[in-house]
Amino acid sequence: MEKQNHSTVSEFILLGLTEFHQLRIFFFFFFSIIYIAILVGNLIIILVVKLDPQLHSPMYFLLANLSLIDMSLASFATPKMICGLISEYKAISYEGYMAQMFFLHLLGGNEMMLLVVMAIDRLIAIRKPLHYKNIMSHRACIGLALFSWTTGFVHIITQMVFTVTLPFCGPNVVDSFFCDLPRVIKLACTDTYTLELLVIALSGLLSFFCFTFLFISYSIILITVWHRSFSEPSKAMSTLSAHITVVVLFFGPCLFIYIWPFSRVSVDKILSVFYTIFTPLLNPIIYSFRNNDMKKAIIKIKTKHMSFRSTF
């Protein structure tokens, strides 16, 4: 692969979602509301888990971590996309493009592994209920959370180390609304066939491995729940259905993008919107606001806050 000491491209142009003016105005207001909802919904989860002692358990600790990742994941792409919908200036600097790409893949890889960790947590809770607290101790939860961050970091570093050395001498137009490896690799002024295969192998295999592990884990859990006599079977099934729904919504678009990369741009755009914007919004709805413990905690904190204000 031909190497170059520096890139002659100083910025990239993100074409965004659409060129139609009316659609851009509609998308501006629509995605602005969605982004605010993402921040508010996930922030509520983090605060409620922190403030309510009843939610100081491994499951909710991991859920709060998921909300933090979702807020961060949406924040690295969505604000730039929203600004691009009403601005004619659609450029992003070379350094900004690489930074956005780094954090998006760091957080994406992190979330994949965290979903695996959450599946392990549910598997232990249902298969080994008497030993659950000892196995999923606070120290173990922190270790698993750090492991998910480490996985995301290794995932992106193994790809970025090759990407930043690519020579870019034009063109610099990216038909997308956010910075992604498959798009930028195609703009390099050299043969990138080997690097394209590396991206498919690393991103695709990580997605496929995590999805396969999750499929097997939740299959075992569902079989266990089906055959055992739980005191609250509906609660167990409700929790599991929430987990499985989030897994399908997250991995569906992700697997499609990285198993068939460099293909139909319009389809990739739709899936990318779902992956970076709608999934972070759906997670708090599916995981938490359908969860009775979470709803009770929110009501309790709200009642306590209102009674505190009424005393003044």
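Atoms considered below: every heavy atom in the structure, side chains included; atoms not considered: hydrogens, waters and symmetry mates.
The list of ring pair (Phe, Tyr, Trp, His ring centres under 6.0 Å) pairs with a residue in residues 66-85, not counting sequence neighbours, reads F76-F103. A salt bridge (charged side-chain N to carboxylate O under 4.0 Å, His left out) check over residues 8-29, counting only residues at least two apart or in different chains, returns the pairs R24-E88.
Taking 4.5 Å as the limit, some side-chain heavy atom of L195 sits within range of a side-chain heavy atom of L166. No side-chain heavy atom of L281 sits less than 4.5 Å from a side-chain heavy atom of I277. Within the 4.5 Å cutoff, the side chain of F31 has heavy atoms near those of the L17 side chain. You'll find the side chain of F177 stays beyond 4.5 Å of the side chain of L85, heavy atoms only. Considering only heavy atoms from C-beta on, Y97 comes within 4.5 Å of V174 through its side chain. T150 has its side chain out of reach of M113: every pair of non-hydrogen atoms, C-beta onward, lies at least 4.5 Å apart. At a threshold of 4.5 Å between non-hydrogen side-chain atoms, the residues V116 and F209 do not count as touching. Using a 4.5 Å cut-off on side-chain heavy atoms (C-beta onward), L106 and F153 make contact.
The same ILVMFWY cluster, assembled from side-chain heavy atoms under 4.5 Å apart, contains both L43 and L66. Under the 4.5 Å side-chain contact rule for hydrophobic residues, V173 and F168 do not share a cluster. Under the 4.5 Å side-chain heavy-atom criterion for ILVMFWY residues, a single connected hydrophobic cluster contains both I44 and L55. Note on I36: it clusters hydrophobically with I86, by side-chain heavy-atom contacts below 4.5 Å among ILVMFWY residues.
More than 12 non-hydrogen atoms from other residues, nucleotides or ligands lie less than 6.0 angstrom from NE2 of H56.
Between T192 and A188, the closest heavy-atom pair is CG2-CB, 3.7 Å. What you find for I220 and L123 is that their closest heavy atoms are CG2-CD1, 3.9 Å. G109 and L206 make their closest contact through CA-CD2, 4.3 Å (heavy atoms, listed as atom of the first residue, atom of the second, distance). Nearest approach of M101 to T163, heavy atoms of both residues: CE-CG2, 4.0 Å. Of all heavy-atom pairs between L63 and I45, the closest is CG-CG2, 4.1 Å. Across Y132 and P58, no two heavy atoms sit closer than the pair OH-CB, 3.3 Å.
For N65, the side-chain contact (heavy atoms from CB on, under 4.5 Å) test picks out F61, L114, A145, with sequence neighbours left out. Qualifying side-chain hydrogen bond (donor to acceptor under 3.5 Å, both in side chains) partners for S75, counting only residues two or more places apart in sequence or in other chains: Y35. For T158, the side-chain contact (heavy atoms from CB on, under 4.5 Å) partners two or more places apart in sequence, or in a different chain, are V154, L202. With sequence neighbours excluded, the residues satisfying side-chain contact (heavy atoms from CB on, under 4.5 Å) with F215 are S219.
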**Message:** One pair to check against side chain to side chain contact (heavy atoms under 4.5 Å, CB included): Q54 and K300. What are the steps and the verdict?
**Reply:** CA-CA 11 Å; Q54 299 296 323; K300 184 169 67 174; 3.9 Å; yes
